Amino acid sequence: MTICRSFVETMKSVSPQAFSIETPTDVSIVFIDGQLKLQCPEGIQDWFEFFQALFKRMIDKYLAMDGITTIILGFDDSENSPPAKAATQAKRRSKHEKLDWSALQPLPPTIPSTYSTLLMNRAFKSRVILFIIDQVTMFCKVRPDQRIIIDYMGNPYTAVGVGSGRVNTIYGPNGASTDADQFEVACVLGECDVKVARYMGMGNILLIAVDSDYVLVALSTMERLGIKAPRVYVKRILLEPGNAALKIAAEEATGIEVKKKPPMKKQKKDIFACSTENKENIDPSAELTAPVVKKPRQYEYADCVLIGESMRKILNKHTPVCLQGHTMRIFAHLVSLCGCDFTRGLAYCNSNIAMKNLAILWPGLCAAASIDAMGGVVMDSRIVAEKFVGVLWKEVQFKKFSVNKNASFETLYKELSTNPSISQFRRDRLISPAHLHCLVRTGNWVASYWSDSERTPCSLDGGDFGFVRRLYGGAIEFDDKVPLPS
């Protein structure tokens, strides 16, 4: 699962001190998203070499660090992934070629040339994961006070080290227990992205993951845990900060409004400026002979505690006091409205637009928010339509067009979708009232899933979350036939 990385760019702009290229030294637990490591690098054909290059070296590196007591290796369990994901994954999967592989078929002697395509087959991927788990159990060595936990199918268990004989070790929402009677059996989770939450109560933790949603899951979970939350770091690819959030961060630091710089004038290119002398000095074979040097990937570590403090400092200026304990979970709703693996987002709405217009858009989300029985945040579709999307259209996206500022959302949608001054391309991407009602309902489920996945009901059968199976055994779709409540 993933979100638009512009939200993490925003977080880096607001809290630059939270991002560092230095490995944190105060962690005792490392969670590795093994799913992201399954892509085999070019040139490797031997299975054991593949395991050593992508898994063993990394595990050994963290086991050698001072203070590390637990390594958790997690993988996606497709059998227990939320059915809601099928609504968006079907379109993505249709673009990829599928190769057959029987669940009883063993791995081939060497890595096949079609490896990346075969990973789309669940049976083949499961075989690869089970091979990696076997290799970890046999070849990864730990100190007497260390252990390696495997979190794949069913309950997580200790595969190597302390307690490795107890496959029934139970991991509750606030950490691990060697006594199975102390916690109910943990909810079986499918996606690695949310499995991390069950380990956040065990101590300071480092998450080895690239997907941007790990930061959001950490922020939402830490806010729910409150004072029990430890320090959480996320290792991710180095990002540049976002411009819109940089402006807000500068104003926050200085108290002075940062004026927009005038755009630079484009210089006209003289098509006759290329002289014969310049052409003679160019070696025509240079481009063909020069080797292509790939820059190695650069990584950074995001401190989620510092990110949360900085984000709340800015967002709470526009948040009622009664909701300031739920700021990051309201922010999660904003992310889901912009689009993720489970939702169809609003067109032309992203982190930069939201941060530029925070003063007029954020209050609308707060007005729509209410707290449910589990302490989660639930949005009201009608209020989101009138006070968030309606304001977004009237004051930001279609500000230069003459629209009725007092019109209801339905009237506004009708006016804009029939306005000949707006291009047909933009009109086609306007979200209808029924589609918006579906988006808000799916967002209610996603925000709960990100912050408290073990207690979140099934997206299909657990409530009205905007997902439906039209026919028995048929594909899961977005339930966009229900009209927006009045």
Side-chain angles (χ1 to χ4, degrees), residues 1-3 30-40 50-51 54-55 58-59 71-96 98-99 101 103 107 115-137 148-157 159 171 186-200 205-218 220-221 234-237 340-343 445-446 448-454 456 458-460 467 476:
M1 142 176 100
T2 189
I3 61 172
V30 177
F31 182 96
I32 300 170
D33 186 342
Q35 201 71 19
L36 301 173
K37 295 286 181 182
L38 291 179
Q39 296 296 333
C40 183
F50 161 66
F51 162 70
L54 275 77
F55 290 90
M58 178 178 56
I59 292 172
I71 301 282
I72 301 135
L73 182 59
F75 295 96
D76 287 357
D77 177 8
S78 56
E79 295 299 322
N80 289 293
S81 290
K85 199 163 188 177
T88 54
Q89 291 298 303
K91 185 177 180 181
R92 181 184 296 180
R93 285 181 171 273
S94 65
K95 298 177 182 179
H96 295 275
K98 293 181 182 177
L99 297 178
W101 193 276
L107 290 177
Y115 176 83
S116 58
T117 307
L118 279 167
L119 276 182
M120 300 298 294
N121 183 294
R122 287 184 177 183
F124 179 80
K125 184 184 288 186
S126 179
R127 280 285 178 186
V128 175
I129 293 172
L130 291 174
F131 163 77
I132 291 165
I133 292 171
D134 286 342
Q135 300 302 303
V136 168
T137 306
I148 299 175
I149 295 171
I150 301 296
D151 196 339
Y152 177 32
M153 295 187 290
N155 289 323
Y157 64 93
Y171 295 84
C187 172
V188 178
L189 299 174
E191 291 193 299
C192 239
D193 313 56
V194 294
K195 287 181 179 182
V196 298
R198 55 166 55 130
Y199 303 102
M200 284 188 189
I205 186 169
L206 169 62
L207 313 180
I208 311 298
V210 183
D211 286 353
S212 299
D213 60 287
Y214 271 91
V215 179
L216 191 61
V217 169
S220 299
T221 304
V234 181
K235 181 182 179 182
R236 50 171 298 105
I237 294 174
C340 65
D341 272 5
F342 295 102
T343 65
W445 180 85
V446 172
S448 174
Y449 180 65
W450 281 337
S451 65
D452 198 356
S453 52
E454 292 192 332
T456 299
C458 174
S459 54
L460 191 61
F467 303 99
I476 295 168

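Keep in mind that what you see is a predicted model, and the values were worked out from it rather than measured.
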Worksheet item: Hey, what's the ring geometry for F51 with F131, parallel, tilted or perpendicular (30° and 60° as the breaks)?
Response: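 If you compare the ring of F51 with that of F131, the planes turn out perpendicular.
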Worksheet item: Mind checking whether F124 and Y115 have parallel, tilted or perpendicular rings, split at 30° and 60°?
Response: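 If you compare the ring of F124 with that of Y115, the planes turn out perpendicular.
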Nearest non-hydrogen partners of [X] and [Y], listed with the distance:
X	Y	result
Q39	S116	OE1-CB, 4.3 Å
S459	F467	O-CD1, 3.7 Å
A218	M200	CA-CE, 3.5 Å
C192	F75	SG-N, 3.4 Å
F55	L38	CZ-CD2, 4.2 Å
A209	V234	O-CG1, 4.2 Å

Nearest-0.5 Å distance, [atom1] of residue [X] to [atom2] of residue [Y]:
X	Y	atom1	atom2	answer
D193	D213	CG	CG	4.0 Å
I72	I208	CD1	CD1	11.0 Å
I148	Y157	CD1	OH	11.0 Å
D134	I150	CG	CD1	9.5 Å
Q35	D211	CD	CG	10.0 Å
S81	D341	OG	CG	11.0 Å

Would you confirm whether [X], through its side chain, and [Y], through its main-chain N or O, come within 3.5 Å as a donor-acceptor pair?
X	Y	result
K195	Y152	yes
S448	T456	no
N121	A123	yes

Student check: side-chain heavy atoms of [X] and [Y] closer than 4.5 Å:
X	Y	result
L107	V128	yes
I132	K37	no
M153	I129	no

Worksheet item: What's the verdict on salt bridge (charged side-chain N to carboxylate O under 4.0 Å, His left out) for D76 and K125, showing C-alpha distance, side-chain angles and the deciding distance?
Response: CA-CA 10 Å; D76 287 357; K125 184 184 288 186; over 6 Å; no
Worksheet item: Do other residues, nucleotides or ligands put more than 12 heavy atoms under 6.0 Å from the NZ atom of K235?
Response: yes
